[in-house]
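Within every chain, numbering begins at 1; the chains are lettered A, B, ... in the order of the sequence lines, protein sequences first and strands thereafter.
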Amino acid sequence: MDVIKVLEAQQMKAELPKFNPGDTVRVAFKVVEGGRERIQPFEGTVLRRKGSGIAETFTVRRVTYGIGVERTFPIHSPRLEGVEVLREADTRQARLYYLRERSGKAARVKEKRKQYVKG
Amino acid sequence: MPKGILGRKVGMTQLFDERGHIVPVTIIHTGPNVVVRRRTKEQDGYTALQLGLGEVKERRVSKPVLGQFAKANVAPTKILREIRTEDVSGYEVGQKIGAEIFEPGDMVSVTGRSKGKGFQGGIRRHGFSRGPMSHGSKYHRGPGSLSPRDGARVFKGRKLPGHQGAVRVTVRGLSVVKVDAEKSLLILKGAVPGPKGGLVVVREIILARREKV
């Protein structure tokens, strides 16, 4: 394996949280406040996943008090504690930028229908 | 003991530091360097360290150069460069040096040959402003006036379109993030001139500390 990949592999997470654009997730991100570490949750819809390898990031959007807030997290960041999927979505696009222009009921994404195993 | 080494640029990536912040890094493969000659004040009029990097077949090296390797009793190397230093004590001819001479936190300068950009216009090469692209304008990306009206000639040093890149560039003030002596890798924070595989010279520098106001 080439040198760069080996170096990156040392910091990459072996197991990544599985989620896709459109999913509603709760992100647990560590923040340092006055010398104390705590976990700050951020809940919203995944707009996109971007990049590959150690540079992969994802963007989560939520609307609080009428104001849209988007945060981008590096997926391999040691400060990213975990991603909990609250709701899976069925989307036609990989990048859900159209949600920015919509509000209320229009800004929803279709929920993924559960697949039932026969028998 | 001054620190300096020859290496090849492997490429760039990013790493997380202990605070979880992203650090852009360049990886440099330092081979093992071998000290081929020590230049001293008494003998040569200046002090420097002559380092060799890489392997080369003996028949590829000219006889006069081969003689220099024979004198040092080392195998011929592909690259032979001198690094000017004030003090060559601590280094012996034939000694192998690698990435381990550096420590994380060291400040270094990196010299290399920048990527060639070919013939470039004034906008890219010197940061000239461009004219309007529309509204009837016929002046788009030209260099503008070359001199004042009563200049009557073009002054020397006038910035104009021309060849850009492929020159020797030194970047100062990079810091060593990590050292992997086993794989002879040097990991520096920031970008380094030249293409992947390009020869670079990494030297330790002491930055003057800025006084706090």
Side-chain angles (χ1 to χ4, degrees), chain A residues 1-17 19 25-44 46-61 69-84, chain B residues 5-33 53-55 98-100 102-105 108 110 112 174-200 202:
Chain A
M1 220 165 33
D2 77 284
V3 179
I4 297 178
K5 290 226 174 86
V6 171
L7 189 71
E8 285 174 351
Q10 291 169 3
Q11 291 201 342
M12 273 162 71
K13 291 174 183 170
E15 250 175 75
L16 286 181
F19 60 92
V25 293
R26 185 182 292 137
V27 179
F29 202 68
K30 263 193 267 180
V31 287
V32 179
E33 255 175 6
R36 229 168 55 84
E37 237 178 36
R38 70 178 188 91
I39 287 169
Q40 187 185 56
F42 188 80
E43 204 176 305
V46 178
L47 277 196
R48 65 168 178 197
R49 291 178 69 144
K50 182 174 178 276
S52 64
I54 198 163
E56 186 173 349
T57 61
F58 64 100
T59 302
V60 180
R61 177 182 171 85
V69 178
E70 285 178 20
R71 281 193 74 176
T72 302
F73 303 96
I75 208 161
H76 289 285
S77 170
R79 284 169 62 189
L80 183 74
E81 283 288 290
V83 179
E84 187 190 345
Chain B
I5 203 164
L6 311 176
R8 288 198 181 275
K9 176 170 163 179
V10 177
M12 289 192 73
T13 181
Q14 62 180 41
L15 294 174
F16 294 99
D17 66 11
E18 64 283 347
R19 289 179 306 172
H21 291 191
I22 289 169
V23 184
V25 294
T26 306
I27 301 163
I28 291 170
H29 184 82
T30 57
N33 281 203
L53 172 73
E55 292 168 13
E100 71 279 351
F102 289 99
E103 278 169 41
V108 295
V110 179
L174 304 181
S175 60
V176 177
V177 174
K178 210 171 161 182
V179 176
D180 189 339
E182 209 169 294
K183 294 185 192 131
S184 47
L185 298 179
L186 212 52
I187 292 142
L188 309 177
K189 179 179 176 182
V192 155
K196 288 173 193 171
L199 178 74
V200 290
V202 183

What pair of heavy atoms forms the shortest contact from Pro17(A) to Arg49(A), and how long is it?
O-NH1, 4.3 Å
Of all heavy-atom pairs between Gly112(B) and Pro193(B), which one has the smallest distance, and what is that distance?
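So the two residues come closest at N-CG, 3.9 Å.
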Winner by heavy-atom pair count (cut-off under 4.5 Å) against chain A, out of Asp180(B), Ile22(B), Thr13(B), Leu185(B)
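Answer, by heavy-atom pair count under 4.5 Å with chain A: Thr13(B).
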So what's closer than 4.5 Å to chain A heavy atoms on His29(B): side chain, backbone, both or neither?
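No part of His29(B) comes within 4.5 Å of chain A.
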Portion of Ile27(B) that has a non-hydrogen atom of chain A nearer than 4.5 angstrom:
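It is the side chain, since no backbone atom gets that close.
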Please classify the contact between Leu7(A) and chain B as side chain, backbone, both or neither, with a heavy-atom cut-off of under 4.5 Å.
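For Leu7(A), backbone and side chain are both near chain B.
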For atom CD of Gln10(A), is the number of surrounding heavy atoms from other residues, nucleotides or ligands below 6.0 Å larger than 12?
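Yes.
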Val192(B) and side-chain contact (heavy atoms from CB on, under 4.5 Å): which partner among Val202(B), Val25(B), Val200(B)?
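With Val192(B) as partner, Val202(B), Val25(B), Val200(B) yield a single side-chain contact (heavy atoms from CB on, under 4.5 Å), made by Val200(B).
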